[in-house]
Amino acid sequence: MSKHAEFEVSEHEQADNEAFLRGRTVGGERYIKRHSRQARWTHGITVICCIWLMISGAFVFVPPLAQLVGPGVVFVFRMSHRVIGVLFIAVPLISAIAAPAGVKHIWHNNVCKWTEDDKKWMLLFLPYLFMAKWIHMPDQDEQKSGQRVADGALWVSGFIMAFTGLFLLLNSTVLPMGTLAHSWLLFFHDLFFCIMLIFALAHIFLGAGIFQPYRGMWKVMWKDGLISESDALYHWGHWARDVLKTDNGVVRKKKDEE
C-alpha cells in the first residue's frame, strides 16, 4: 500500500488549482514599496553632497593635503565645499517642509520603545557579521534597532556639521565672530565629521550589499524603492507581515521586470 492515501480531485477543484498556479506564474513575485520617490531623491542628493563635502573638506582642512595640491586647487575645493554645503542643508530641509508626514514617520520609527527583539538583534549583530549563515536574527519592525542607532548618529552628526559649517561660513564672510569661535566651531565640525565617517562606512557596507545577506539592497534606495517579499521577511519580519496582511503597497513583478 502506498504511504500516501489516494484521493480524487474534482474537476472544479482541479480548475481552481490550475487557475491559482497560473496566477502565481503570471503575477510574479510580490514586492513591497519601502521608499517613496521623494525619499530616494532626497537620500541620493544628500549622499552625493556628503561624499563631495568629505573629499573637499579633507583638502581644505588637512594641511598636508592642501600643500600637496597647491593653493589654486584648495581655493576651488573651498568654494565648492561652501556651495555644496548649502545644498546639503537645503535639500533635506525642503523635502521635510514638502512632506511633514514623512518626517513624522521617520521620527516615529527612530524614536520608539525597544522591544526584546530589538535588544536581542543588537546583541547578536557583531557575531552575525562573521557567522551570518549560522545565526538567525530576530524579526524587526520597519526600522531595525541597529538602523536606529546608525541613523541617529548620522542625523545628529549631519545636523551638527551643518550647523557648525554654516557658522564657519558666516564667520569667514559676513559675520566675523573671532578666532576663538572659529576654533571651537572647527573642532566640533571635525569631531562630528569623524563620527559621521564611521557610521557612513558602516551604512555603505550594508546598504551597498557588500555584506552577503544584504546583497542587492542598494536597489531599494537607488532603483525603484521596492523590496522582494522574501528579503522583506528576512530583514524586517514584523513590518513585512503587517504590510502583506493589508496588501497596501504590495506589487507583483514578473521575472523579466526584476
Side-chain angles (χ1 to χ4, degrees), residues 35 37-99 102-103 106 110 147 149-211 214 217-223:
H35 297 301
R37 180 177 297 177
Q38 181 180 335
R40 299 197 306 275
W41 273 98
T42 303
H43 175 269
I45 295 171
T46 304
V47 166
I48 293 169
C49 289
C50 192
I51 291 172
W52 182 251
L53 288 171
M54 288 181 175
I55 294 171
S56 59
F59 285 94
V60 171
F61 296 114
V62 180
L65 290 177
Q67 293 173 5
L68 182 66
V69 297
V73 176
V74 171
F75 175 79
V76 173
F77 276 128
R78 180 179 290 109
M79 292 301 105
S80 67
H81 192 82
R82 292 175 177 180
V83 173
I84 300 301
V86 172
L87 195 62
F88 176 76
I89 298 172
V91 169
L93 188 59
I94 293 170
S95 183
I97 294 171
V103 176
I106 292 172
N110 282 276
Q147 283 180 284
V149 173
D151 288 359
L154 289 171
W155 277 97
V156 171
S157 299
F159 176 80
I160 294 178
M161 287 188 69
F163 179 83
T164 54
L166 179 61
F167 277 91
L168 282 168
L169 176 60
L170 293 174
N171 183 51
S172 63
T173 53
V174 297
L175 186 63
M177 289 175 282
T179 305
L180 182 61
H182 177 84
S183 298
W184 278 108
L185 288 169
L186 188 58
F187 169 77
F188 283 107
H189 198 70
D190 290 347
L191 173 64
F192 282 92
F193 161 76
C194 294
I195 294 173
M196 174 177 274
L197 181 61
I198 292 169
F199 284 95
L201 290 173
H203 185 76
I204 292 170
F205 178 66
L206 297 177
I210 299 171
F211 182 43
Y214 288 76
M217 193 63 68
W218 66 271
K219 298 177 184 178
V220 183
M221 185 59 83
W222 293 93
K223 194 177 179 183

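By convention here, the first residue in the shown sequence is residue 1.
Across A200 and L154, no two heavy atoms sit closer than the pair N-CD2, 3.8 Å. Of all heavy-atom pairs spanning L206 and M217, the tightest one is O-CB, 4.3 Å. The minimum heavy-atom distance linking L169 with S172 is given by the pair O-OG, 3.1 Å. Between F88 and G158, the shortest heavy-atom distance links the atoms CE2-O, 3.9 Å. The shortest non-hydrogen separation linking H182 to L168 is ND1-CD2, 3.5 Å. F61 and H189 make their closest contact through CE1-CD2, 4.4 Å (heavy atoms, listed as atom of the first residue, atom of the second, distance).
I195 CD1 to D190 CG: the interatomic distance, rounded to the nearest 0.5 Å, is 11.5 Å. Summarising the geometry, atom OG1 belonging to T179 is positioned 12.0 Å from atom CG belonging to L186; distances are rounded to the nearest 0.5 Å. Interatomic distance, H35 NE2 to K219 NZ, rounded to the nearest 0.5 Å: 15.0 Å. For the atom pair L180 CG and W184 CH2, the distance stands at 8.0 Å (nearest 0.5 Å).
Contacts of R40 classified as side chain to side chain donor-acceptor pair (under 3.5 Å), with partners at least two apart in sequence or in another chain: none. Take F159 and apply the ring-ring contact (aromatic ring centres under 6.0 Å, His included) test, not counting sequence neighbours, and it matches no residue. Applying the ring-ring contact (aromatic ring centres under 6.0 Å, His included) criterion to F205, with sequence neighbours excluded, gives F211. Applying the ring-ring contact (aromatic ring centres under 6.0 Å, His included) criterion to F193, with sequence neighbours excluded, gives no partner residue.
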Return all side-chain donor-acceptor pairs below 3.5 angstrom for residues 42-54, not counting sequence neighbours, or 'none' if the list is empty.
unit_1, atom_1, unit_2, atom_2, d
T42, OG1, Q38, O, 2.8
T42, OG1, S95, OG, 2.9
T46, OG1, T42, O, 2.6
W52, NE1, S80, OG, 3.0

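Within a 6.0 Å radius of CH2 in W155, no more than 12 heavy atoms belonging to other residues, nucleotides or ligands are found.
Evaluation of the side-chain hydrogen bond (donor to acceptor under 3.5 Å, both in side chains) test over residues 54-68, restricted to residues two or more places apart or in two chains, returns S56-H81.
Between V60 and the choices R82, M79, R78, the side-chain contact (heavy atoms from CB on, under 4.5 Å) rule is met once, by R78.
With contacts defined as side-chain heavy-atom distances shorter than 4.5 Å, the pair T164/F192 does not qualify.
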